[in-house]
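Okay, structure first, notes after.
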Amino acid sequence: AARARPVATGPWTRLADEIGRELSLGRPVQLLESDHPSLLVTWGLFVPKVILPRSAQSWTDERAAIVLRHELAHIRRGDWVIQLAGELLRTVYWFNPLIWIACARLRQESEQACDDEVLSSGVAGPDYATHLVELARLLKAEAAPRLPAPAVARSSSLERRIRAMLDARLTRTPATRAGRFITAAALLTFTVALAAAQTGPVTFSGSVFDPTGKPVPGATV
């Protein structure tokens, strides 16, 4: 981000302002253009930032609007803070497989929720899927660093997301803020309690033997 250039004018800024007002963000979003060919992520709490790859200026307005709507939906939901908290929790309880499963599921659900936001704006599912596949191929040219930040075209979850966006039977009504908070609190409480239960004190007993194979009386371990 320190080496990126601010994007202050042009279609990206105009589209970001329009979509930000539509989503009622209430916070200014800073757009940055990176020299990296495949870095497209969103992060930040008080001053959210979207870092764009160097090829973004050549994208069509339709693709730019899809990308911005997806990324600004992450900002409105506060996904960066939640995912960062999940990463910190996984650092502490790295030995618990449930934490890894929960963090992976957290990423999947946040991406699908933002996909639903794009689809709810009137973008057709096949058109959105086409843009995502082309973006994934374009941004795959050089591997981006793995960051605890949302990314619109992360290839590891693309198949599942495309299957969901082409399923017309799915309900795309967003969850309420209270519902998201209760779900996150319940998940964290469950995983932390289970991890803590696995690290309780244990006892063991046995005998200490000397080199000749005889028990050593009164040995303390």
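In what follows, every heavy atom counts, from backbone to side chain, and hydrogens, waters and symmetry copies are set aside. Counting begins at 1 with the first residue of the sequence.
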Electrostatic pair [X]-[Y], nearest N-O below 4.0 angstrom:
X	Y	answer
R63	E134	yes
E117	R77	no
E71	R76	no
R107	D79	no
D115	R161	yes

By salt bridge (charged side-chain N to carboxylate O under 4.0 Å, His left out), which residues pair with R14, not counting sequence neighbours? E18, D61

Is the number of heavy atoms from other residues, nucleotides or ligands within 6.0 Å of CZ (R27) greater than 12? yes

Shortest non-hydrogen contact from [X] toward [Y]:
X	Y	result
W80	T42	CD1-O, 4.0 Å
Y128	V123	CB-CG1, 3.9 Å
Q83	L106	CA-CD2, 4.1 Å

Residue pairs meeting salt bridge (Lys or Arg N to Asp or Glu O under 4.0 Å), one or both in residues 212-221, sequence neighbours left out, come to none

Go through the steps for R163 and E159 under the test salt bridge (charged side-chain N to carboxylate O under 4.0 Å, His left out), then give the verdict. CA-CA 6 Å; R163 189 183 300 115; E159 180 181 355; 3.0 Å; yes

Taking W59 for its side chain and V67 for its backbone only, find out whether a donor-acceptor pair lies under 3.5 Å. no

ILVMFWY network linking V133 to L119, side-chain heavy atoms under 4.5 angstrom: yes

Given side chain to side chain contact (heavy atoms under 4.5 Å, CB included), test L32 with Q30 step by step and report yes or no. CA-CA 7 Å; L32 301 173; Q30 184 178 5; 3.5 Å; yes

